[in-house]
Chemist: 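Pasting a structure below so you can have a look.
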Number of protein chains: 2
Amino acid sequence: MKDYTQILRNKKISPSIQRIKILEFLDQHRTHPTVDEIFTSLIPIIPTLSKMTIYNTLKIFSAKGLIKSIPNSENVGHYDFNVSPHSHFKCRLCKKVYDIDVDLGVTIGTDIDGYKVDEYNLILEGVCKECNERIKK
Amino acid sequence: MKDYTQILRNKKISPSIQRIKILEFLDQHRTHPTVDEIFTSLIPIIPTLSKMTIYNTLKIFSAKGLIKSIPNSENVGHYDFNVSPHSHFKCRLCKKVYDIDVDLGVTIGTDIDGYKVDEYNLILEGVCKECNERIKK
DNA sequence: AACAATATTAGAATTAGTCTAAATTTATAT
DNA sequence: ATATAAATTTAGACTAATTCTAATATTGTT
């Protein structure tokens, strides 16, 4: 069992019960949850929880590099506990978003035509393994 | 001057004045406009224009491959006339989004671990040329 | 010209996210 | 320990983007 309290302290974030539970939830649900999903899952545990707290908390976590917000085309924030460089694959059919490793030609810190790149987000789209098998039949 | 009417007909989209003007606007403004920007720019030309028409139109254009919606982290739709594979660079300082060419290790049509990739969106973030020059001083 | 099909429109409804000010909790200094 | 200050959480009002809906306008076809 990870010590989320300590993880927060290390980042100089005071470890309220709300913050601990939000961080734990993101670690244990690597499906890039939305604020609404986090809220719905935690409200039974913290009955007074407000969405505002989740918005605040996610903003603090992002600023401190504990989590990342991931770009998407549906106009709802999605958050990722995994901050190490990796890419996302979105299935056109089942809509799931998978983490995948892609050898990107670009490396963080490099210059491209004078543009200093310090972060990247690669979103691949297509049909996932499972759906691919399913539609073959 | 491009024949937008013909472009629409080729895609089997009936060329209403609204659709023609929206397509023309996107072609001539490669800054990844939002619905609101399109609306504000076209309302002087088509005074009865409704935002609903823009939403409908962009959905049709995307479905027919005339334009692409580009993922972002700000929860507002951005649209791109450029549908050929290319990447976006977002400047952390001036917030502008530039089109840039990056040699991605991935090619459309390939399989990565059984995932069939048919589209990608690469968003790079960092500091752009101009801002870089500016802050050096 | 009459009719059907399609597109556009305004306005209501929904949803994600922000703002604000009060209440609660936590930390600090005596 | 207690008073006080600082930080956090909360509910509810508010805003902005988007969707829904039903009426109206336009277009295409016989």
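Throughout, a chain's letter reflects where its sequence line sits, starting with A, and its residues are numbered from 1. Only this structure's heavy atoms are used, side chains among them; waters, hydrogens and symmetry mates stay out.
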Chemist: Mind listing the side-chain donor-acceptor pairs of residues 60-68 of chain A below 3.5 Å, one per line with the distance, residues two or more places apart or on another chain?
Modeler:
residue : atom : partner : partner atom : Å
A/S62   : OG   : A/L58   : O            : 2.9
A/K64   : NZ   : A/K11   : O            : 3.2

Chemist: Could you tell me which residues satisfy side-chain contact (heavy atoms from CB on, under 4.5 Å) with B/S16, sequence neighbours excluded, listed by chain and number?
Modeler: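 B/S16: side-chain contact (heavy atoms from CB on, under 4.5 Å) contacts with B/Q18, B/R19.
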
Chemist: In whole Å, what is the span from the CG atom of A/N72 to the P atom of C/dA16?
Modeler: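 One finds 12 Å between P of C/dA16 and CG of A/N72, rounded.
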
Chemist: Over 60° means perpendicular and under 30° means parallel, so tell me whether A/H88 and A/H32 are parallel, tilted or perpendicular.
Modeler: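 Ring orientation, 0 to 90° scale: perpendicular.
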
Chemist: Grab the N/O contacts between the protein and nucleotides 2-4 of chain D below 3.5 Å, and write none if there aren't any.
Modeler:
none

Chemist: Just to confirm, is there a sub-4.0 Å distance from OP1 or OP2 of C/dG17 to any side-chain nitrogen or oxygen of B/N75?
Modeler: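 Yes.
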
Chemist: Would you kindly say whether A/Y115 and B/N132 are connected by a side-chain donor-acceptor distance under 3.5 Å?
Modeler: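 Side-chain D/A pair, A/Y115 to B/N132: absent.
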
Chemist: What is the distance from CD of A/E74 to P of C/dT15, rounded to the nearest Å?
Modeler: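 Atom-to-atom, A/E74 to C/dT15, this comes out as 15 Å.
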
Chemist: Within this structure, what is the CG-to-C1' distance between A/L58 and C/dA16, rounded to whole angstrom?
Modeler: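 Distance, rounded to whole Å: 13 Å.
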
Chemist: Nearest to the A/N56 side chain among C/dA16, D/dA17, D/dT10, which nucleotide is it?
Modeler: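 Nucleotide nearest to A/N56's side chain: D/dT10.
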
Chemist: Looking only at side-chain atoms of A/R19, point me to the closest of D/dT18, C/dT9, D/dT9.
Modeler: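 Per side-chain heavy atoms of A/R19, the pick is D/dT9.
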
Chemist: Separation of A/F39 atom CZ from D/dT9 atom P, in whole Å?
Modeler: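 Distance, rounded to whole Å: 14 Å.
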
Chemist: If you compare every side-chain N and O of A/Q18 against the phosphate oxygens of C/dT25 (OP1, OP2), does one of them come in below 4.0 Å?
Modeler: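 No, because none of the side-chain N or O atoms of A/Q18 sits under 4.0 Å from OP1 or OP2 of C/dT25.
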
Chemist: Using a 4.0 Å cut-off on heavy atoms, which residues in residues 43-52 of chain A reach DNA chain D? List them by number, or say none.
Modeler: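 Residues of residues 43-52 of chain A under 4.0 Å from DNA chain D: A/T48, A/L49, A/S50, A/M52.
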
Chemist: Where along nucleotides 22-27 of chain D does protein come under 4.0 Å, by heavy atom, of base (B) or sugar-phosphate alone (S), with - for untouched nucleotides?
Modeler: ------

Chemist: Atom NE2 of B/H78 to atom C1' of D/dT18: distance rounded to whole Å?
Modeler: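 Taking NE2 of B/H78 and C1' of D/dT18, I get 14 Å after rounding.
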
Chemist: How many Å lie between CD1 on A/I13 and P on C/dT25, as a whole number?
Modeler: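 About 21 Å, once rounded to whole Å.
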
Chemist: Assign each of A/T34 and A/P15 to its nearest nucleotide of DNA chain C by heavy atoms, then name whichever residue's nucleotide is nearer the 5' end.
Modeler: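 With A/T34 and A/P15 compared, the 5'-side residue is A/T34.
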
Chemist: What is the distance, rounded to the nearest whole Å, between atom OH of B/Y79 and atom C1' of D/dA17?
Modeler: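 It is 10 Å, rounded to the nearest whole Å.
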
Chemist: Taking all non-hydrogen atoms of both residues into account, name the closest pair between A/N75 and B/G77 and its distance.
Modeler: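 Minimum heavy-atom separation between A/N75 and B/G77: OD1-N, 3.4 Å.
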
Chemist: For a 4.5 angstrom cut-off between non-hydrogen side-chain atoms, does A/L8 reach A/N10?
Modeler: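 Answer no - side chains too far apart.
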
Chemist: From A/L124 CG over to A/I100 CD1, what is the distance, rounded to the nearest 0.5 angstrom?
Modeler: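 If I round to the nearest 0.5 Å, the distance is 4.5 Å.
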
Chemist: Would you indicate which nucleotide in D/dT19, C/dT18, C/dT8 comes nearest to any side-chain atom of A/K59?
Modeler: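 Nearest to the side-chain atoms of A/K59, counting from C-beta on, is C/dT18.
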
Chemist: With a 4.5 Å cut-off on side-chain heavy atoms, are A/C128 and A/L93 touching?
Modeler: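 A/L93 vs A/C128: side chains apart.
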
Chemist: Return the minimal non-hydrogen interatomic distance between B/S73 and A/S69, and the atom names on each side.
Modeler: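 Heavy atoms of B/S73 and A/S69 come nearest at OG-OG, 3.7 Å.
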
Chemist: Whole angstroms only, please: what is the CD1-C1' distance between B/I54 and C/dA10?
Modeler: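 Interatomic distance, CD1 of B/I54 to C1' of C/dA10: 14 Å.
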
Chemist: Less than 4.5 Å apart, side chain to side chain, heavy atoms only: is that true for A/I123 and A/S87?
Modeler: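 A/I123 does not reach A/S87 side chain to side chain.
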
Chemist: Pair up each side-chain donor or acceptor in residues 35-45 of chain B with any protein partner under 3.5 Å, not counting sequence neighbours, and list the distances.
Modeler:
residue : atom : partner : partner atom : Å
B/D36   : OD1  : B/K51   : NZ           : 2.6
B/E37   : OE1  : B/T34   : N            : 3.1
B/T40   : OG1  : B/D36   : O            : 2.8
B/S41   : OG   : B/E37   : O            : 2.9

Chemist: If you assign A/T57 and B/V35 each to the DNA chain D nucleotide with the nearest heavy atom, which residue ends up on the more 5' nucleotide?
Modeler: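 Result: A/T57.
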
Chemist: First locate atom CG of A/N72, then atom CD1 of B/I70, and finally report the distance between them rounded to the nearest 0.5 Å.
Modeler: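 The distance works out to 12.5 Å.
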
